[in-house]
Amino acid sequence: MSSYFRPSVCPHDCPSVCALNVEITAERRIGRLRGAAQPYTDGVICAKVARYAERSNHPQRLTLPLLRVGAKGSGQFAPIGWDEALDLLAGRLQQAIDRHGPETVWPYHYAGTMGFVQRGAIRRLGHLAGWSRQRETFCVALSDAGWLAGVGAKRGVDPREMLESELIVIWGGNPVHTQVNFMHWVQKARRERDVPLVVIDPYRTATAAKADLHLALKPGTDGALACALMHVLLAENLVDRSYLARLSDFSPAVEAHLASRTPAWAAEITGLSVEEITRFARLYGSTGRSYLRLGYGFTRQRNGSAAMHAVSCLPVLTGAWQHRGGGALYSNGGLYGLDTRLLYGLDASPPPARQLDMGRLGAVLAGDRRDIGDGPPVSAMLIQSTNPAVVAPDSRRVRQGLLREDLFVCVHEQFMTETAQLADLVLPATTFVEHDDLYQASGHSFLQASRALVPALGECRSNHDFIGQLAKRLGIEHPAFALSEWQVVDSVLRASGKPGADELLAAGWLDCAQPFEQAHFLDGFGHPDGRFRFVPDWAQRGEGHAAMPAFPDHQAVIDTPTAAQPFRLVAAPARHFLNTTFTETASSRDGEGRPTVLIHRDTCARLGIAEGDVVRLGNAQGSVALHARPVAGLQPETVVVESQWPNAAFIEGIGINALVSAEPGWPAAGVAYHDTAVWLERVG
Ligand SMILES: Nc1nc2c(c(=O)[nH]1)N[C@H]1C(S)=C(S)[C@@H](COP(=O)(O)OP(=O)(O)OC[C@H]3O[C@@H](n4cnc5c(=O)[nH]c(N)nc54)[C@H](O)[C@@H]3O)O[C@H]1N2
Ligand SMILES: Nc1nc2c(c(=O)[nH]1)N[C@H]1C(S)=C(S)[C@@H](COP(=O)(O)OP(=O)(O)OC[C@H]3O[C@@H](n4cnc5c(=O)[nH]c(N)nc54)[C@H](O)[C@@H]3O)O[C@H]1N2
Ligand code: SF4
Ligand SMILES: [Mo]
């Protein structure tokens with residue numbers, strides 16, 4: 001039989017969640033991947049997933065359960081059978097629970113796959129077993145809190161409306177790297193109607209390089225820029241007062257506050273000129289059809305929630321939400337309305353348990369009382385779909401913690417990641433072409449499902465299978481453990497009042513978009529009175545509300561540069577990796593080259609640094625050595641390391657997150673990945 005194509009869905013943690021067509025070869029393996037005709041994907045996918053066969057068929061895929069035989073972290077493992085592995089795992093978990101109680105177990109999981117079924121199983125087991133719960137602070141905690149503070153609902157305008165926009169603003173995101181389909185729609189709008197593009201990013205990203213106007217502000221100063229824009233819009237009467245009165249809490253107090261936020265004030269904070277700020281304000285105010293795409297990047301700061309709130313005020317002030325092609329999109333995560341009670345075992349009224357902050361992994365494992373309260377230490381971990389030894393902040397402390405002799409660690413993975421290398425037991429996991437799942441998207445409105453297309457490699461098991469078998473050994477029962485993956489998809493869909501799994505698959509996708517009126521919040525924002533909040537009720541958004549500014553503002557809590565640490569590090573995402581996924585594939589590694597710090601060429605000249613020199617970046621947490629590249633298009637004190645390279649790829653084996661702090665941003669605790677003051681020196 002010759003090869004043929006089958007539909008699938010990209011499982012990665014990317015706003016685009018592309019509809020795929022996957023080639024199945026005569027040997028029942030995957031071949032080429034193409035973008036499908038789903039209206040948002042529109043046939044376009046990123047290069048790294050087009051080459052997914054390189055990853056899924058990789059000779060280094062894990063295929064057998066492995067038990068550690070050498071010292072912790074030695075990388076010495078021996079194959080064992082699944083039954084033996086499951087018995088051993090259940091036994092070690094039970095031992096830990098007998099000694100310390102169920103909260104001593106921390107199921108640690110994240111977004112290796114975004115599929116509901118494969119993400120849901122470990123949460124369900126953890127909930128029912130009374131294990132410690134996880135507070136998810138890696139990615140959206142800061143941005144969600146800031147967006148919801150004003151808008152009150154997690155949804156926005158369909159990017160395809162950009163074809164009717166008169167201005168596109170990409171604020172603190174780098175879609176050329178992180179969601180190529182969005183750029184596809186931007187370029188379409190530009191080709192058809194010459195729509196101007198503005199990019200707000202601390203460095204000249206591949207996205208900024210395509211812009212008509214790039215504002216290279218200092219990282220962590222977006223709140224100041226947004227306030228100064230509002231100042232100009234108000235001063236020059238480029239606002240819609242009747243809309244403001246109808247659909248917001250805008251008041252003389254807010255206006256008086258913004259009167260003090262002048263372009264000169266913001267220029268001082270942002271490093272931009274008064275002229276740049278004023279020019280952009282006038283451009284933004286010149287049309288209601290301004291589309292604002294809010295990235296996550298600018299919220300990965302200690303003041304990220306306040307910044308998100310301030311920026312989200314802009315399309316309200318001008319009334320842009322009222323127009324086709326106007327308004328904003330941060331995330332459509334709240335659009336789908338899936339009933340996840342069965343998935344997470346919440347239908348069975350699980351016992352209460354403490355919550356641990358995943359961004360504080362190093363501190364939790366060190367037994368910091370601020371994190372573990374008066375509860376037991378964490379003495380057993382089940383890590384699935386995440387690579388915290390690299391991606392979590394304060395990564396040296398994470399490594400130390402994972403190496404604790406009295407901690408049992410099981411990692412379920414597709415590859416021998418740097419986290420898996422530190423484990424006691426490593427179990428092989430399927431990839432998305434080897435299991436079924438259900439997907440929603442933050443960047444569009446299509447609900448999609450996909451089926452296993454090829455047999456599991458070697459002895460790989462899916463998250464759903466493995467967790468179900470573990471539950472059985474632990475004597476924990478729930479109807480979802482007895483269902484097949486596809487049956488779980490079907491149950492979740494039906495409980496949510498959607499078509500069943502087979503129907504969804506046959507249709508290809510279900511568009512959950514709302515009509516114009518609702519999508520643009522013309523029938524009210526997501527608060528009981530329907531009004532957008534210029535004055536947020538931060539107490540609703542998290543326990544750290546006391547630190548939050550009353551009005552849209554610059555919250556001066558970032559890791560401010562000092563004479564000893566005069567630079568600000570942005571640890572931005574690389575194009576050919578997706579977090580650490582694809583760091584295994586030769587084509588992605590070749591595409592990236594090597595860990596590199598981008599430094600302003602004037603700074604390089606001042607410090608005698610040339611292309612390819614080895615430099616060291618450091619702060620109180622440690623230092624990292626890597627190669628330098630002089631660049632233009634950023635503030636002299638900004639330095640950028642595109643990542644996430646494995647720690648081992650850095651010159652001394654210490655990766656960039658060694659420098660990133662585990663002190664969260666507020667009100668809802670979120671990791672400030674791009675908020676790090678550092679020193680910089682030339683080494684060789
Ligand atoms: N190729 C690739 N794609 C990815 C990922 C990846 O690692 N690689 N990661 C995936 C994941 S998990 C996510 S959450 C998304 C993230 O996608 P994005 O929304 O694009 O967010 P970030 O990845 O945090 O950073 C994007 C940009 O924010 C900028 N930035 C940093 N600090 C500031 C600031 O203070 N102000 C402003 N204005 N900009 C700032 C950075 O310079 C960077 O260019 O992408 C997903 N897609
Ligand atoms: N310096 C810096 N650090 C960052 C960021 C940054 O911008 N800069 N971004 C942060 C953000 S936004 C995020 S979301 C996190 C992401 O961090 P992670 O969620 O840890 O993402 P990955 O590093 O891609 O690791 C996912 C792992 O899951 C595995 N996997 C994939 N599918 C499956 C599956 O079905 N089953 C199992 N068992 N495993 C699977 C993959 O092999 C991979 O090793 O990183 C954060 N860290
Ligand atoms: S753009 Fe994002 S969703 Fe689309 S194929 Fe690439 S990683 Fe997957
Ligand atoms: Mo993320």
Side-chain angles (χ1 to χ4, degrees), residues 9-20 33 35 41 44-50 52 55 109-113 115 118-119 122 138-140 143 170-175 177-181 199-203 205 207-208 215 217-222 225 293-301 304 307 311 383-388 390-393 411-415 417 419-420 427-432 434-435 437 441-443 462-463 466 558 568 570-584 638 640-644 655-657 660 671 673-675:
V9 182
C10 180
H12 291 299
D13 188 2
C14 168
S16 293
V17 193
C18 291
L20 306 174
L33 283 83
T41 304
V44 176
I45 59 170
C46 65
K48 57 194 180 304
V49 169
Y52 198 78
R55 182 166 196 273
H109 48 91
Y110 206 57
T113 170
Q118 306 302 344
R119 283 190 99 179
I122 189 168
F138 273 175
C139 189
V140 300
S143 46
I170 298 176
W171 196 309
N174 181 9
H177 286 194
T178 60
Q179 43 162 333
V180 67
N181 306 68
V199 171
I200 308 195
D201 200 292
Y203 77 112
T205 59
T207 307
L215 296 182
L217 76 185
K218 294 181 185 178
T221 66
D222 300 77
L225 175 58
R293 181 62 167 117
L294 295 160
Y296 302 95
F298 78 102
T299 70
R300 305 200 194 293
Q301 302 279 342
V311 177
I383 301 179
Q384 187 175 63
S385 309
T386 178
N387 186 10
V390 184
V391 305
V411 173
H412 185 218
E413 248 301 342
Q414 296 163 340
F415 284 88
T417 59
T419 305
L427 303 173
T430 47
T431 65
F432 77 101
E434 299 161 357
H435 55 234
D437 221 322
S442 66
S462 72
N463 296 5
F466 154 53
I558 55 175
R568 289 266 296 156
V570 172
R575 179 177 202 150
H576 303 275
F577 302 147
L578 200 142
N579 303 316
T580 65
T581 304
F582 297 97
T583 57
E584 323 83 9
T638 304
V640 180
V641 177
E642 291 181 349
S643 217
Q644 303 175 43
I656 201 65
N657 282 343
V660 172
V671 182
Y673 281 108
H674 306 324
D675 182 4

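Here the structure is a predicted model, which means the values were calculated and not measured. Both counts, for ligands and for their atoms, begin at 1 and track the order of listing.
- Atom NE2 of H674 sits about 8.5 Å away from atom CG of D201, to the nearest 0.5 Å.
- At a cut-off of 3.5 Å, with distance as the only test, no side-chain donor of S385 or H109 sits close to an acceptor on the other residue.
- Side-chain atoms of Q384 and Y110, non-hydrogen and from C-beta on, never get closer than 4.5 Å to each other.
- Closest approach of S16 and V180 over heavy atoms only: OG-N, 4.3 Å.
- Residue H177 has at least one heavy-atom neighbour below 4.0 Å for each of these atoms of ligand 1: 1 (N), 2 (C), 3 (N).
- Side-chain polar atoms of Q644 and Y673 form no donor-acceptor pair below 3.5 angstrom.
- Atom CG of D222 is separated from atom OG1 of T299 by 9.5 Å, given to the nearest 0.5 angstrom.
- Ring geometry for Y52 versus H12: interplanar angle of 30 to 60°, hence tilted.
- Using a 4.0 Å cut-off between heavy atoms, N174 contacts ligand 1 through both its backbone and its side chain.
- By the 3.5 Å distance cut-off applied to N or O atoms, G220 is counted among the residues near ligand 1.
- The ligand atoms of ligand 1 that sit less than 4.0 angstrom from a heavy atom of D222 are 34 (C), 35 (O), 36 (N), 37 (C), 38 (N).
- Close contacts of ligand 1 with Y203, meaning ligand atoms under 4.0 Å from a residue heavy atom, involve 42 (O), 44 (O).
- By the 3.5 Å distance cut-off applied to N or O atoms, K218 is not counted among the residues near ligand 1.
- Around atom 4 (Fe) of ligand 3, the protein contributes the following N, O or S atoms at distances under 2.8 Å: C18 SG.
- Distance alone, capped at 3.5 Å, is enough to place a donor-acceptor pair between the E413 side chain and the F415 backbone.
- Ligand 2 is surrounded by D13, R55, Y110, A111, G112, T113, F138, C139, R300, Q384, S385, T386, N387, V391, H412, E413, Q414, T417, A429, T430, H435, N463, A571, L578, N579, T580, T581, Q644, I656, N657, Y673, H674, each with at least one heavy atom closer than 4.0 Å.
- Here the side chain of R300 pairs a donor or acceptor atom with the backbone of C139 at under 3.5 angstrom.
- Residue I200 has at least one nitrogen or oxygen atom sitting less than 3.5 Å from a nitrogen or oxygen atom of ligand 1, judged on distance alone.
- Short contacts between ligand 1 and G295, defined as distances under 4.0 Å to a heavy atom of the residue, involve ligand atoms 19 (O).
- Looking at ligand 1, you won't find any N or O of T221 less than 3.5 Å from one of its N or O atoms.
- Test V391, T386, N387 against T417 for side chain to side chain contact (heavy atoms under 4.5 Å, CB included) and you get one pass: N387.
- Residue F582 holds its CZ atom at 12.0 Å from NE2 of H576, rounded to the nearest 0.5 Å.
- Taken from CD1 in I558 to OG1 in T221, the straight-line distance is 7.0 Å, to the nearest 0.5 Å.
- Put simply, the side chain of N181 gets close to the backbone of V44: a donor and an acceptor are under 3.5 Å apart.
- Considering OG of S143 and CD of Q301, their distance stands at 12.5 Å, rounded to 0.5 Å.
- The closest approach between a heavy atom of H576 and any atom of ligand 1 is not below 4.0 Å.
- Of the possible donor and acceptor atoms, one in the side chain of E434 sits under 3.5 Å from a partner among the backbone N and O of T431.
- In L217, the part holding a heavy atom less than 4.0 Å from any atom of ligand 1 is the side chain.
- Taking each heavy atom of Q179 and P15 in turn, the nearest pair found is OE1-CB, 3.7 Å.
- Near K48, the atoms of ligand 1 lying under 4.0 angstrom from a non-hydrogen atom of the residue are 1 (N).
- Against a heavy-atom cut-off of under 4.0 Å, L578 is close to the following atoms of ligand 3: 7 (S).
- Salt bridge annotation for D437-R119: absent, with no cationic side-chain nitrogen under 4.0 angstrom from a carboxylate oxygen.
- Under 4.0 angstrom from ligand 1, there are no non-hydrogen atoms of Q179.
- Close contacts of ligand 1 with R575, meaning ligand atoms under 4.0 Å from a residue heavy atom, involve 1 (N).
- The atoms of ligand 1 that sit less than 4.0 Å from any heavy atom of T205 are 44 (O).
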